[in-house]
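The structure appears right after this line, and notes come after that.
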Amino acid sequence: MLAASPSRAAESIPALSAPVVRRTTVVRADPRTGKLVRSTVVSSSAGRGPAPQLDAIIDKAAKAHDVDPLLVHSIIKVESNYNVHAVSNKGAEGLMQLTPSTARMLGVSDSFDPQQNIEAGVKYLKYLQGLYQDDKLALAAYNAGPGAVDKYNAIPPYAETQKYVVEVGKRYGEARRAADAAKTAETPAVERKAEDTKPAEVKPAAVETFIDGNGRLYLRTTQ
């Protein structure tokens with residue numbers, strides 16, 4: 001069980017509106033001269049979406065820790081825009097932006113390994129959900145750290161954290177509505193038609209009794 005400490009899993013989230021850019025230095029031999037040539041490869045998180053293999057990893061981790069996968073997707077979208085190699089200016093790494101100290105605490109040996117990163121991030125999120133029993137406070141703690149949430153007993157008055165909670169919550173709400181709409185659209189037409197043409201329930205007629213002036217008993221139905 002993780003301790004509620006000031007350790008921050010995502011204390012160094014980059015600006016939410018800015019794409020994460022990663023520069024990698026590559027050294028290779030020139031095939032003509034044999035000399036080593038140094039070059040820089042630049043990758044950006046802008047415009048990325050989840051690859052099929054990431055969907056599978058997220059679904060598996062979410063199921064294992066009883067967390068809504070749509071919430072995990074929303075966090076990853078805001079944290080790194082699905083950039084496996086994302087690095088913030090303060091050192092948070094990978095899809096769910098784990099700091100090195102938190103990664104070590106969660107047993108992660110490589111934060112750029114999607115499976116390790118997502119498994120650890122979801123595990124930490126589940127811990128925070130259980131700790132605060134409130135998704136908004138859990139998100140605030142994921143961004144600013146449990147210590148900050150405990151200090152204010154609320155979402156900390158940090159502009160970045162407040163914006164983070166709103167942004168993730170907005171995306172999560174949109175994802176839930178889209179999922180509900182898709183589920184409704186997938187309902188078989190035959191099933192919907194059967195419900196529409198289901199005959200109305202017919203109630204049995206009431207029976208009324210009366211005796212005439214000669215003492216004879218009569219039965220009749222009423223609507």
Side-chain angles (χ1 to χ4, degrees), residues 1-22 45 58 61-176:
M1 182 65 68
L2 301 178
S5 69
S7 297
R8 299 155 72 122
E11 63 184 346
S12 49
I13 304 302
L16 298 178
S17 60
V20 180
V21 177
R22 179 172 183 259
S45 65
I58 291 169
K63 183 177 181 180
H65 296 287
D66 192 26
V67 174
D68 189 342
L70 295 179
L71 178 57
V72 180
H73 274 285
S74 300
I75 290 173
I76 292 176
K77 179 65 178 178
V78 174
E79 291 283 1
S80 64
N81 201 17
Y82 295 98
N83 183 358
V84 173
H85 303 292
V87 179
S88 77
N89 57 0
K90 293 186 179 179
E93 300 173 336
L95 291 163
M96 298 193 75
Q97 290 289 273
L98 303 177
T99 60
S101 61
T102 301
R104 287 192 299 271
M105 181 175 64
L106 295 169
V108 176
S109 60
D110 181 3
S111 291
F112 300 113
D113 176 355
Q115 187 162 339
Q116 289 191 53
N117 187 287
I118 292 171
E119 167 67 22
V122 173
K123 181 178 181 179
Y124 187 64
L125 174 63
K126 179 63 177 180
Y127 162 71
L128 295 173
Q129 287 180 318
L131 181 64
Y132 295 108
Q133 298 296 310
D134 183 298
D135 278 352
K136 289 184 178 180
L137 292 181
L139 290 173
Y142 193 96
N143 176 260
V149 174
D150 294 343
K151 176 181 178 180
Y152 294 98
N153 197 29
I155 298 174
Y158 309 150
E160 179 187 306
T161 300
Q162 292 181 350
K163 182 178 180 180
Y164 176 85
V165 172
V166 170
E167 185 67 17
V168 174
K170 177 182 176 182
R171 291 183 180 278
Y172 182 41
E174 291 172 349
R176 288 292 298 272

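Computed from a prediction, not measured in an experiment: that's the story for all the values here. All values below were derived from every heavy atom in this structure, side-chain atoms included, with hydrogens, water molecules and symmetry-related copies excluded.
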note = By side chain to side chain contact (heavy atoms under 4.5 Å, CB included), D110 pairs with (sequence neighbours left out) F112, D113, Q116

key: Pairwise side-chain contact, E79 with L95, heavy-atom cut-off 4.5 Å (strictly under)   = no

key: R104: side chain to side chain donor-acceptor pair (under 3.5 Å) partners, not counting sequence neighbours   = none

request  = Report yes if the side chains of V108 and E93 come closer than 4.5 Å at any heavy-atom pair, otherwise no.
outcome  = no

message = With a 4.5 Å cut-off on side-chain heavy atoms, are V149 and L131 touching?
response = no

note = Taking every heavy atom of T161 against every heavy atom of A144, the minimum-distance pair comes out as OG1-CB, 3.4 Å

Atom pair CG (L128) and CG (L139), whose distance is rounded to the nearest 0.5 Å = 9.0 Å

ask   = Is a side-chain N or O of Y132 found less than 3.5 angstrom from the main chain of P146, in a donor-acceptor match?
value = yes

query = Is the closest side-chain heavy-atom distance between N117 and V84 below 4.5 Å?
reply = no

task = Please identify each residue that fulfils side chain to side chain contact (heavy atoms under 4.5 Å, CB included) with E119, with sequence neighbours left out.
result = A61, H65

Any S80 side-chain heavy atom under 4.5 Å of M96 side chain = no

ask   = So does E174 have more than 12 non-hydrogen atoms from other groups sitting under 6.0 Å from CD?
value = yes

ask   = Can you tell me how far the CZ atom of R171 sits from the CD1 atom of I76, to the nearest 0.5 Å?
value = 12.5 Å

query = Between N81 and K77, which heavy-atom pair has the shortest distance, and what is it?
reply = OD1-NZ, 2.5 Å

Taking every non-hydrogen atom, the tightest pair across S111 and L98 = OG-CB, 4.4 Å

ask   = How far apart are the C-alpha atoms of V165 and N143, what are their side-chain angles, what is the distance that settles it, and do they pass the side-chain contact (heavy atoms from CB on, under 4.5 Å) test?
value = CA-CA 8 Å; V165 172; N143 176 260; over 6 Å; no

Qualifying salt bridge (charged side-chain N to carboxylate O under 4.0 Å, His left out) pairs, either residue in residues 64-74, two or more places apart = D66-K126, D68-R176

ask   = Can you name the side chain to side chain contact (heavy atoms under 4.5 Å, CB included) partners of K151, sequence neighbours left out?
value = none

Pairs satisfying salt bridge (charged side-chain N to carboxylate O under 4.0 Å, His left out), at least one member in residues 131-142, at least two apart = none

inquiry  = Just to verify, what does P69 make a side chain to side chain contact (heavy atoms under 4.5 Å, CB included) with, not counting sequence neighbours?
reply    = I58, D59, A62

request  = Evaluate the side-chain proximity of Y164 to Y158: yes if any heavy-atom separation is below 4.5 Å, no if none is.
outcome  = no

Q97 CD to Y142 OH distance, which is reported to the nearest 0.5 Å = 8.5 Å

